[in-house]
Amino acid sequence: MFKALRALVYAGFSMVAVIGAAQAQTKIKYGAYHTANETFIKEITQMMDNITERTNGEVVFEPYYAGSLLKAQDLYPGMTRGAVDMVTSAPQAFNTRDYPLTGVVLPFMSDNPLATTMAFKDWVAANPEVRQEFERNGAHLLFGWSLGENVLWTKKPVTQASDLEGMRIRMLLGPGEALSMLGATAVATPYTEAIDLLQRGGVDGISTTFFDQGVRDGLGDVSDYVSSAGDMGVFAVMLTAIRKPVWESLDEQTQEIFNEEIAFATERYFASLDATIDQAVDKLAENEHIQIGEVSAEEAARWRELTQEQLHNNYIQRAQKVHADGQKLIEDFMARIAEYEELYPYQTGIERLATKKGE
């Protein structure tokens, strides 16, 4: 699975020698709103440790996890004003006005996080207006990793659009827009609070959460049904960026070490994500009461038909505010996804669970 990425790593980068001790030490304050135990955060932490080792301790990181330094919505603005040097967050969700173009990952584009990760990398490189989005905010984008596919956890089965009518669902981003169009009512509440609300009947479901996260956080114990929400697919790319003045202060060798370690970390993340989803499937398969409330392929196609045009139009309108051609950006991104889906085959958590349960 990872042969193509390994080729990219070793063909695209040359190994760099350890930097000498003459360079002054650079301390980089890093912030994330996810916990240190999150799969992709673990790989970012390993990446930072490797950079420190390869620079002989001349670049060190001071990490703050779980929103302990800044909350999710404050991470990217905080980096702009210098309160933090490097962050991992989703500005397309929390800071849409400043980062409208990065929200190109929309429902029904792909259920393959490996392909969308690689496509997003190429898409950013090919479209200067996207890079300018970060430059305007004093940031340099290091990389973006797709999270797993969206799932819907509910108390009752959802097999057709009419089942969503009047359901109160915790959701945001593209899945929130799509499910609202299909009749659900969005409940604006933090994810951790929503779990308690679902258990107490305060909401009817939770969406905009990726499969392994939901299993790990116990949604299989407080829900009766899990669904791919009509193959809604990948809904977000987590973006890691560094303050532009900090990046520009690093010499060329150090910047190359960063880029090499990012490529290595991406390969590790793909492997870790695959293993984590398998572990989640094993755990959920042991849960006797949870059922797969899947919609048919025909119904999923209808959901896509009912929502995709409006979802794309919403993005196009956001792009117009920064004088960008949103339609061109969408088409470019989707074409790149299609190329990488052939190189990086992927099976969703729901599909693996159905196979495990023999359904």
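Index from 1, following the sequence.
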Side-chain contact, heavy-atom cut-off 4.5 Å: [X] with [Y]?
| X | Y | answer |
| --- | --- | --- |
| Leu106 | His312 | yes |
| Thr348 | Glu351 | yes |
| Leu284 | Ile290 | yes |
| Thr209 | Leu152 | no |
| Phe210 | Val151 | no |
| Arg268 | Met47 | yes |
| Ser89 | Leu239 | no |
| Ile51 | Phe258 | yes |

Q) Does NE2 in His289 sit with more than 12 non-hydrogen atoms of other residues, nucleotides or ligands closer than 6.0 Å? A)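 More than 12 within 6.0 Å, yes.
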Q. Are more than 12 heavy atoms from other residues, nucleotides or ligands located less than 6.0 Å from atom CZ of Arg81?
A.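 More than 12 within 6.0 Å, yes.
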(Q) In terms of relative ring orientation, are Trp153 and Phe211 parallel, tilted or perpendicular, with 30° and 60° separating the classes? (A)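 Rings of Trp153 and Phe211: parallel, as their planes differ by under 30°.
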Applying side-chain contact (heavy atoms from CB on, under 4.5 Å), can you list everything that pairs with [X], at least two apart in sequence or on another chain?
| X | result |
| --- | --- |
| Thr185 | none |
| Asn112 | Ser110, Leu114, Ala115, Glu341, Tyr346 |
| Asp332 | Trp123, Ala126, Asn127, Arg336 |

Taking a hydrophobic cluster as the set of Ile, Leu, Val, Met, Phe, Trp and Tyr residues connected by side-chain heavy atoms closer than 4.5 Å, whether directly or through intermediates, do [X] and [Y] fall within one such cluster?
| X | Y | value |
| --- | --- | --- |
| Leu147 | Phe333 | yes |
| Met109 | Leu306 | no |
| Ile292 | Val281 | yes |
| Val87 | Val130 | yes |

Donor-acceptor contact present, side-chain [X] to main-chain [Y], <3.5 Å:
| X | Y | value |
| --- | --- | --- |
| Ser272 | Tyr269 | no |
| Asn137 | Ala139 | no |
| Glu133 | Leu101 | yes |
| Asn150 | Thr208 | yes |
| Ser223 | Gly220 | no |
| Tyr315 | Pro100 | no |
| Asp212 | Thr276 | no |
| Thr52 | Val59 | yes |
| Glu135 | His140 | no |

Can you name the closest pair of heavy atoms from [X] and [Y] and give their distance?
| X | Y | value |
| --- | --- | --- |
| Phe94 | Gln73 | CB-CA, 3.7 Å |
| Phe108 | Gln308 | O-NE2, 3.8 Å |
| Val237 | Gln92 | O-NE2, 2.9 Å |
| Ile316 | Gly326 | CG1-C, 3.8 Å |
| Glu62 | Lys27 | OE1-CD, 3.3 Å |
| Glu129 | Ala324 | CG-CB, 4.4 Å |

Q: Evaluate the side chain to side chain contact (heavy atoms under 4.5 Å, CB included) criterion for residues Thr159 and Glu294: first the C-alpha distance (whole Å), next the side-chain angles of each, then the deciding distance (0.1 Å), finally the verdict.
A: CA-CA 6 Å; Thr159 59; Glu294 198 52 270; over 6 Å; no
**Q.** Spatial distance of atom CD1 (Ile257) from atom CD (Glu252) [nearest 0.5 Å]
**A.**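 Rounded to the nearest 0.5 Å, the CD1-CD separation comes out at 11.5 Å.
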Q: Ignoring hydrogens and angles, state whether a donor on the side chain of Asn50 or Gln46 is under 3.5 Å from an acceptor on the partner side chain.
A: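 Yes, a side-chain donor-acceptor pair sits under 3.5 Å.
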Q. Going by distance alone, is a donor N or O of one side chain under 3.5 Å from an acceptor N or O of the other, for Tyr65 and Asn37?
A.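 Per modelled atom types, Tyr65 and Asn37 side chains form no pair under 3.5 Å.
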Are [X] and [Y] within salt-bridge range, i.e. N to O under 4.0 Å?
| X | Y | result |
| --- | --- | --- |
| Arg352 | Asp274 | yes |
| Lys156 | Asp163 | no |
| Asp204 | Lys155 | no |

**Q.** Candidate pair Tyr30 and Met48, rule side chain to side chain contact (heavy atoms under 4.5 Å, CB included), full reasoning
**A.** CA-CA 10 Å; Tyr30 169 75; Met48 294 190 293; 3.7 Å; yes
Q: Hey, could you give me each pair passing side chain to side chain donor-acceptor pair (under 3.5 Å) that has a residue in residues 229-243? Not counting sequence neighbours.
A: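 Counting only pairs at least two positions apart or across chains, the side chain to side chain donor-acceptor pair (under 3.5 Å) contacts touching residues 229-243 are Asp85-Arg243, Thr88-Thr240, Ser228-Asp231.
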Taking the six-membered ring for Trp, are [X] and [Y] closer than 6.0 Å centroid to centroid?
| X | Y | value |
| --- | --- | --- |
| Phe120 | Phe143 | no |
| Trp145 | Phe270 | no |
| Tyr99 | Tyr76 | yes |

(Q) For Lys356 and Glu286: C-alpha separation, side-chain torsions, deciding distance, then whether salt bridge (Lys or Arg N to Asp or Glu O under 4.0 Å) applies. (A) CA-CA 10 Å; Lys356 189 85 171 180; Glu286 296 174 356; over 6 Å; no
Which donor-acceptor pairs under 3.5 Å do side chains of residues 169-184 form with protein atoms, sequence neighbours excluded?
from	atom 1	to	atom 2	distance (Å)
Arg170	NE	Thr189	O	3.2
Glu177	OE2	Asn314	ND2	3.0
Ser180	OG	Gly176	O	2.8

Going by atom type alone, with no hydrogens or angles, which donor-acceptor pairs under 3.5 Å involve a side-chain atom of residues 295-303 and a protein atom two or more places apart or on another chain?
from	atom 1	to	atom 2	distance (Å)
Ser296	OG	Glu299	N	3.0
Glu299	OE1	Arg302	NE	3.2
Glu299	OE2	Ala161	N	2.8
Glu299	OE2	Arg302	NH2	3.1
Glu299	OE2	Trp303	NE1	2.9

(Q) side chain to side chain contact (heavy atoms under 4.5 Å, CB included) for Glu261 and Glu256? Distances and angles first, verdict last. (A) CA-CA 9 Å; Glu261 289 302 330; Glu256 192 164 350; over 6 Å; no
Q.
Is there a side chain to side chain contact (heavy atoms under 4.5 Å, CB included) between Gln317 and Lys321? Walk through the geometry before answering.
A. CA-CA 7 Å; Gln317 290 174 12; Lys321 294 180 180 179; 5.9 Å; no
